[in-house]
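First listed ligand is number 1; within each ligand, the first listed atom is number 1.
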Amino acid sequence: MEEIIRQYLEEISGVSPSNREELEAFRVHWLGKKGIVTGLFSEMKDLPADRKRQAGQMVNTLKQAVLLKLEQHSELKKQDPRKADRDTDLTLPANFLELGAGHPVSIVGREMNGIFSRMGFTIQEGPEIEDDWHNFTALNFAADHPARDMQDTFFIEKSPDILLRTHTSSVQIRVMEGQKPPIRNIFPGRVFRNEAISARAHCIFHQIEGLYIDEDISFADLKQTLYYFASELFGEGIGIRFRPSYFPFTEPSAEMDISCLICSGKGCRVCKYSGWVEILGCGMVDPNVLENCGIDSEKYSGFAFGIGIERTAMLKYQIDDIRLFFENDVRFIRQFRSMHG
Ligand code: PHE
């Protein structure tokens with residue numbers, strides 16, 4: 001017993017009440033299942049009855065002494081938890097709060113909204129579920145136009161009249177029906193097409209539609225607006241070209257291409273090995289469309305355009321697969337954490 005008490009005293013002087021690990025080792029050594037005190041208690045069974053009492057008292061005293069040391073730790077912790085746990089290092093950086101990142105469609109979309117806002121365009125929105133009139137008929141689509149086909153359009157509840165808008169041009173009609181010129185607005189939003197999903201095409205994507213109606217608006221105004229937009233977004237040196245095109249609701253119509261920034265013109269799957277990527281359709285609003293909305297086409301003229309946001313973001317950030325925008329893999333999204341829009 002004397003030997004054990006000496007060992008106890010030696011050991012306890014080396015244990016700091018503020019070090020949790022040392023204390024735990026100390027506790028296990030003395031009070032654990034195979035600890036010294038536990039061992040002494042079980043040895044006592046074999047002692048003759050007259051010595052049992054004395055030995056019991058001694059072992060109990062030893063147990064109390066060990067417990068007292070352990071209590072010092074809890075006392076310290078009550079006074080100041082930081083002192084009690086030396087393994088809590090307050091100088092270490094805290095656990096990181098997971099920061100969100102803007103989606104590239106939001107970032108580029110906001111940047112585009114900003115460019116047009118500075119040019120005096122006002123932002124408006126329209127519904128994603130549309131009727132045939134706003135999506136097609138008022139936009140001068142012939143009754144047998146292939147875009148109305150089930151192959152391209154998602155219809156709702158088998159009704160040929162209610163559908164998911166295939167373009168944001170439907171908002172042009174809603175705005176012209178409700179507002180008198182001058183109109184200078186943009187309409188950002190989501191559009192839906194029943195297309196096979198590939199690296200270049202998706203069944204959901206985003207557009208920003210623009211509409212400018214006033215007296216004496218010409219194709220030169222349209223070109224200058226879009227040139228300015230593209231050089232603001234991509235920088236002055238960007239390659240821009242207009243190609244004649246066809247849309248039922250504009251006449252004349254054009255598409256605007258940007259020199260491919262993914263392959264620098266060398267040719268890749270995004271530009272279909274042509275060095276150019278189409279980012280928007282545009283044209284002078286067809287007089288039939290103005291008349292469908294009750295606007296005097298003798299007095300007013302104007303232009304419209306529809307920009308694909310994903311296409312534009314792909315060029316801006318060198319993303320070569322449109323599917324990445326919709327998979328929402330955080331490793332993809334996180335790369336845009338430092339971008340602002
Ligand atoms: N709505 C057309 C499309 O989705 C783009 C467009 C908009 C063309 C406005 C001309 C004018 O392809």
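A ring-centre distance under 6.0 Å is found for Tyr212 and Phe303.
Within 4.0 Å of ligand 1, heavy atoms belong to protein residues His167, Ser169, Gln172, Arg193, Gln207, Glu209, Phe247, Phe249, Thr250, Gly281, Cys282, Ala304, Phe305, Gly306.
When each of Glu130, Glu310, Glu128 is checked for a salt bridge (Lys or Arg N to Asp or Glu O under 4.0 Å) with Arg190, only Glu128 meets the rule. For the side chain to side chain contact (heavy atoms under 4.5 Å, CB included) criterion with Arg200, the lone passing option out of Glu195, Lys272, Arg269 is Lys272.
Inter-residue side-chain proximity for Ile129 and Pro127 is flagged as unmet; no heavy-atom pair is nearer than 4.5 Å.
Listed by first then second residue, pairs satisfying salt bridge (charged side-chain N to carboxylate O under 4.0 Å, His left out) with a partner in residues 220-233 read Arg118-Glu232, not counting sequence neighbours.
Enclosure of atom CG in Asp329 by more than 12 non-hydrogen atoms of other residues, nucleotides or ligands within 6.0 angstrom is indicated.
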